[in-house]
Amino acid sequence: MKIGYPCINRSLPCRGNRTFRLASYSESRLKEAVAENLDCLRQMLQYNVDQGLFFFRISSDLVPFASHPVCQFPWPDHFQPLFAELGRFIRRHGLRISMHPDQFTLLNATDPAIVRRSILELEYHARVLDAMELNATARIQIHVGGVYGDKTAAIARFAEVYGRLPEPVRRRLVIENDERLFSLADCLRVHAHTGVPILFDAFHHELLNRSESLAEAVAAAGATWRCGDGLPMLDWSSQKPGARPGAHAESIDLDRFSRFIAATSGHDFDLMLEIKDKEQSARLARAALEDDARLFRPTLREEH
DNA sequence: AGGTGTCAAGCGTCC
DNA sequence: GGACGCTTGACACCT
């Protein structure tokens, strides 16, 4: 199991998601932002290796406006040496990488223009991972999309679009259960039509489910991943106390985390912690896992 | 320099 | 029919 956090590291002085307003787009502005973002990405990856955090989600802001018509700059060529270097670093240290386009990416939209833009956005994400020369274990996760009043039709539209996705996108795409519209059970229907692997979000599942136990759910989602896809990916978070249901906690609740680990024992996966303080909670989780390992396998204690 | 309104994209919910 | 949350930061303009 590799542990990770998404996109931003608050312990480092750099920022890996620098962007700017569309109105102030220029080629030099873009080059400047991407160079800075790639440099910071390198620092974050180094930090992660140093801290034993081997799973990381790369920010979609890495290349601002990459899929927008305003961007005609051949950024994959221009930055190829830097992408290749990052890729070598990732492979050398066995890091697992994901990306997560935001809520505007809707493959099952009823408006063809939205679908077209969504595919362009996914192609951008695939191009980043391809430029790093990462294999198909590096994944792009999205939600199934909107329901538009008819979930069966919405799933059929998703499957139809999935079938005609460019290969560089399809080989990396995974779907994630959300907390309002498409439950794990719904994602399994999508999987039955398409074969797309399911990234299980344990927190969303708490808010929208069919009473499957955690172990059942993890097993069902895990079974949708094939050889070559890498270990199943999981997202985990916990509820911010007193806040709107679904709000992510500020920092990790280690009791809850230990119960989650215990409930899913026997299943292996790479775990993304979606908690606001990012790398701090990821480090605590990693330490807790090591404590658990010592507890359950006392021989390890003598080695340390 | 500091304060603040606003930012590419869309869904569903609530009023 | 319009504001809001999603995720929450930070750009960019104003004073």
Side-chain angles (χ1 to χ4, degrees), chain A residues 5-26 28-30 32-34 36-37 40 44 57-73 98-125 140-151 153-155 157-158 161 175-183 186-187 190 201 203-208 235-240 242-251 272-281:
Chain A
Y5 61 95
C7 304
I8 295 169
N9 182 305
R10 294 165 190 273
S11 302
L12 292 170
C14 70
R15 292 219 340 265
N17 57 346
R18 177 164 290 277
T19 182
F20 46 84
R21 298 291 165 86
L22 178 59
S24 55
Y25 180 91
S26 74
S28 64
R29 197 74 196 265
L30 180 76
E32 192 183 304
V34 175
E36 192 175 326
N37 289 341
C40 187
M44 290 191 285
R57 182 185 300 164
I58 295 176
S59 168
S60 295
D61 286 335
L62 188 70
V63 184
F65 305 108
S67 72
H68 192 281
V70 77
C71 178
Q72 295 299 316
F73 181 67
S98 66
M99 294 186 82
H100 191 349
D102 68 23
Q103 69 269 31
F104 306 109
T105 302
L106 294 161
L107 290 185
N108 72 353
T110 50
D111 178 350
I114 294 173
V115 177
R116 206 176 313 125
R117 285 195 293 272
S118 296
I119 294 174
L120 288 173
E121 179 71 354
L122 289 173
E123 287 186 290
Y124 149 59
H125 285 77
I140 300 167
Q141 67 187 88
I142 59 171
H143 296 290
V144 178
V147 170
Y148 308 90
D150 183 344
K151 192 174 274 184
I155 289 174
R157 269 199 312 284
F158 183 97
V161 174
I175 55 170
E176 171 190 349
N177 58 302
D178 67 77
E179 80 282 30
R180 293 180 308 135
L181 306 176
F182 288 90
S183 65
D186 296 323
C187 289
V190 178
D201 187 309
F203 186 39
H204 290 162
H205 185 73
E206 280 181 41
L207 298 161
L208 181 68
D235 284 355
W236 186 85
S237 182
S238 55
Q239 174 66 40
K240 180 176 183 174
R244 166 193 62 79
H248 290 199
E250 290 293 331
S251 64
M272 179 68 59
L273 298 176
E274 295 187 316
I275 298 170
K276 291 219 177 118
D277 68 359
K278 307 283 180 183
E279 77 283 356
Q280 300 297 348
S281 284

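Order of the sequence lines fixes the chain letters, A, B, ..., with proteins taken first and strands second; residue numbering starts at 1 for each chain.
- Spacing between atom NE2 of A:H143 and atom C1' of B:dC11 amounts to 12 Å, rounded to whole angstrom units.
- Rounded to whole Å, the C1' atom of B:dC7 lies 23 Å from the corresponding atom of C:dG1.
- With A:Q141 as reference, A:R57 is the one residue of A:R57, A:H125, A:M272 to meet the side chain to side chain contact (heavy atoms under 4.5 Å, CB included) rule.
- A donor-acceptor pair is defined here as one N or O able to donate and one able to accept, closer than 3.5 Å; such a pair exists between the side chain of A:K151 and the backbone of A:L181.
- In this structure, A:D102 reaches the bases: a heavy-atom distance under 4.0 Å links it to at least one base atom across the strands shown.
- Taking the six-membered ring where tryptophan is involved, the planes of A:F65 and A:Y25 are perpendicular, since the angle between them exceeds 60° and thus also 30°.
- Straight-line distance from the CG atom of A:D111 to the P atom of B:dG12: 13 Å, rounded to whole Å.
- A donor-acceptor contact closer than 3.5 angstrom is absent between the side chains of A:S67 and A:E123.
- Between the CG atom of A:L207 and the C1' atom of B:dT13 there is a distance of 15 Å, rounded to whole Å.
- Geometrically, A:R157 engages A:Y148 in a cation-pi contact, judged by NZ or CZ lying under 6.0 Å from the ring centre and within 45° of the ring axis.
- Taking a 4.0 Å limit (strictly below) on heavy-atom distances, residues 61-71 of chain A reaches DNA chain B at A:F65, A:S67, A:H68.
- Counting all heavy atoms, side chain and backbone alike, A:A249 lies closest to A:I275 at O-CG2, 3.4 Å.
- Taking atom C1' in both C:dC4 and C:dT8, the straight-line distance is 15 Å, to the nearest Å.
- Rounding to the nearest 0.5 Å gives a distance of 8.5 Å between CD of A:E206 and CH2 of A:W236.
- Remark: P of B:dG10 and CG of A:L181 are 16 Å apart, rounded to the nearest angstrom.
- Atoms CG (A:L120) and C1' (B:dA8) sit 13 Å apart, rounded to a whole Å.
- With a cut-off of 3.5 Å on both pairing distances, the Watson-Crick and G-U wobble pairs of DNA chain B assemble into stems of 3 or more at B:1-7 with C:9-15, B:10-15 with C:1-6.
- Distance noted for atom C1' between C:dT7 and B:dG3: 23 Å (whole Å).
- Without hydrogens or angle criteria, A:S237 side chain to A:E274 main chain gives a donor-acceptor distance under 3.5 Å.
- Nucleotides C:dC11 and B:dA8 are separated by 13 Å at their P atoms, to the nearest Å.
- Between A:I114 and the choices A:T105, A:L106, A:I119, the side chain to side chain contact (heavy atoms under 4.5 Å, CB included) rule is met once, by A:L106.
- Taken from SG in A:C7 to CE in A:M44, the straight-line distance is 8.0 Å, to the nearest 0.5 Å.
- A:F158 places its CZ atom 16 Å from the P atom of B:dC11, with the value rounded to the nearest Å.
- With hydrogens and angles disregarded, no donor-acceptor distance shorter than 3.5 Å links the side chain of A:R180 to the backbone of A:L208.
- Whole-Å rounding puts the A:L107 CG to B:dC11 C1' distance at 14 Å.
- A donor-acceptor contact under 3.5 angstrom links the side chains of A:E279 and A:S11, judged on distance only.
- Taking atom CG of A:N108 as the reference point, atom P of B:dA9 lies 20 Å away to the nearest angstrom.
- Between B:dG10 and A:R117, a contact under 4.0 Å exists linking OP1 or OP2 to a side-chain N or O.
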| note | Letter by letter from the 5' end, nucleotides 7-15 of chain C scores (B base, S sugar-phosphate only, - none; protein heavy atoms under 4.0 Å) BSSBBS---
